Amino acid sequence: MLAKLRAYFFAGLLVLAPIFITATVAWWLIEFVDSQIVPLIPTKYNPDTYMKDVLGVEIGIPGLGILILVVFITLVGAFTAGMVGRWVIRLWEYLLNRMPVVRTLYNGSKQIIETVLKSQSDAFRQAVLVEYPRRGIWAIAFLTAATDGEVADLLEGDHINVFLPTTPNPTSGFLLFVPRRDVIVLNMPVEDAVKMVISAGIVTPPYKPSGKEQIATLTKEQFEELAKQQEISPPPTDSDKGKKG
C-alpha cells in the first residue's frame, strides 16, 4: 500500500509540478510588466478607474500591461515602416554612433536581434552534435550560420558557427567554429534539443529511426520497395553471390 501511495504521489507531482512552474513564471512576468507599464497610464484612461466606479472596488486587470506593450510595439513597427519613421531611425542611430560606449552596446544587440528574428535566417533552427570538450565526447549544439569574414579566411576548409549551450542554463555557452565534416546534424526539433539540454539529459525526446536505419529489420519485399523509393542499392542475392564467385 505504501509503495502504491508513493507511486501515486510522484505521478501527481510529475503532472502538477510543470503546471505550477509554468503558471508561476507566467504570473510573475505579467505582474512585472503590469507594475512597470500600468502606472504610466493616466488615471482617466485607466480601465481600472471605470471598474472601480462600476464595482466599487479596484481589482486591477491582469495582463493589461502586456496588452499595452504589444500594441505599442506594433505601432512603433508601423511607424518605422514609413518614410518619416525611417528618417527618425537613421537620425537616432547617427546620434548613438557618436557615443563611444553606447554605440557598441546598441550595434551589438541590434545585430543579434536582427539575426535571430530575420525570417530567412537559419539561426538556432538546427540542432547538431559536436565533439566537445575533446575527441570522443559529444555535446548538443545549435547551428547559427556559416563561418564568414576574417575567421573563415584564416581557417582551412569549410567551417560553420555553432552555439554550444551550458546545462541547465542554455542562455549562456560558447561560440565554436567547427569544420562542417565534424558536425552531425540531428533530426530532432530545436525545442526537443533545448529540453534535453535544460533537463541535463533526463528528458529524452521520442525517436523514430529513419527508413535507412530500419533496413536490417525489413523483409526482402519491403527492402526492394524501399530501395525504389530511396534509390539505394538492394542487398545482393544468393545468385548474385554465386556469379561473383
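Just so it is clear, the model here is predicted, and its values are computed rather than measured.
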Is it true that [X] and [Y] fall in one hydrophobic cluster, defined by side-chain heavy atoms closer than 4.5 Å?
X    : Y    : value
Y207 : I202 : no
I30  : I21  : no
V185 : L176 : yes
I137 : V178 : no
V76  : W87  : no

Polar side chain donor-acceptor pair, T144 to N161, under 3.5 angstrom: no

Atom pair CG (L75) and OG1 (T80), whose distance is rounded to the nearest 0.5 Å: 10.5 Å

Point-to-point distance, once rounded to the nearest 0.5 Å, from OH of Y8 to CG of L5: 8.0 Å

Hydrophobic cluster of V151, others only, ordered by chain and residue number, side-chain cut-off 4.5 Å: L155, L175, F177

Shortest non-hydrogen separation from [X] to [Y] and the atoms involved:
X    : Y    : value
P165 : A141 : CD-CA, 4.1 Å
T204 : G201 : OG1-O, 3.7 Å
A81  : R86  : O-NH1, 2.7 Å
V38  : G65  : CG2-N, 4.0 Å

For [X], side-chain contact (heavy atoms from CB on, under 4.5 Å) partners two or more places apart:
X    : answer
I41  : Y45, N46, L64, I68
I184 : L129, W138
S172 : T166, N169

Residues 91-100, side-chain donor-acceptor partners within the protein, below 3.5 Å, at least two apart:
from, atom 1, to, atom 2, distance (Å)
E93, OE2, Y106, OH, 3.1
E93, OE2, K110, NZ, 2.3
Y94, OH, R98, NE, 3.3
Y94, OH, R98, NH2, 2.4
N97, OD1, N107, ND2, 3.2
N97, ND2, E93, O, 3.0

Min side-chain heavy-atom separation I160-V183 under 4.5 Å: yes

Any V190 side-chain heavy atom under 4.5 Å of Q126 side chain: no

Within residues 190-204 or reaching into it, pairs that qualify as salt bridge (Lys or Arg N to Asp or Glu O under 4.0 Å) - sequence neighbours excluded: none

Pairs touching residues 16-43 that satisfy salt bridge (Lys or Arg N to Asp or Glu O under 4.0 Å), sequence neighbours left out: none

Results of side-chain hydrogen bond (donor to acceptor under 3.5 Å, both in side chains) for R135 - residues two or more places apart only: E131

Non-neighbouring partners of R180 that pass side-chain hydrogen bond (donor to acceptor under 3.5 Å, both in side chains), sequence neighbours left out: D158

Full working for side chain to side chain contact (heavy atoms under 4.5 Å, CB included) between M196 and I140: CA-CA 9 Å; M196 197 171 184; I140 291 180; 3.7 Å; yes

Identify all side-chain donor-acceptor contacts of residues 9-20 below 3.5 Å with residues at least two apart in sequence or on another chain.
none

V197 backbone acceptor or donor facing T167 side chain under 3.5 Å: yes

Residues in ring pair (Phe, Tyr, Trp, His ring centres under 6.0 Å) contact with F163, at least two apart in sequence or another chain: F124

Partner set under ring pair (Phe, Tyr, Trp, His ring centres under 6.0 Å) for F72, not counting sequence neighbours: none

Trace of the side chain to side chain contact (heavy atoms under 4.5 Å, CB included) decision for L164 with F142: CA-CA 7 Å; L164 179 69; F142 300 97; over 6 Å; no

Full working for side chain to side chain contact (heavy atoms under 4.5 Å, CB included) between I37 and L69: CA-CA 8 Å; I37 295 179; L69 180 61; 3.7 Å; yes

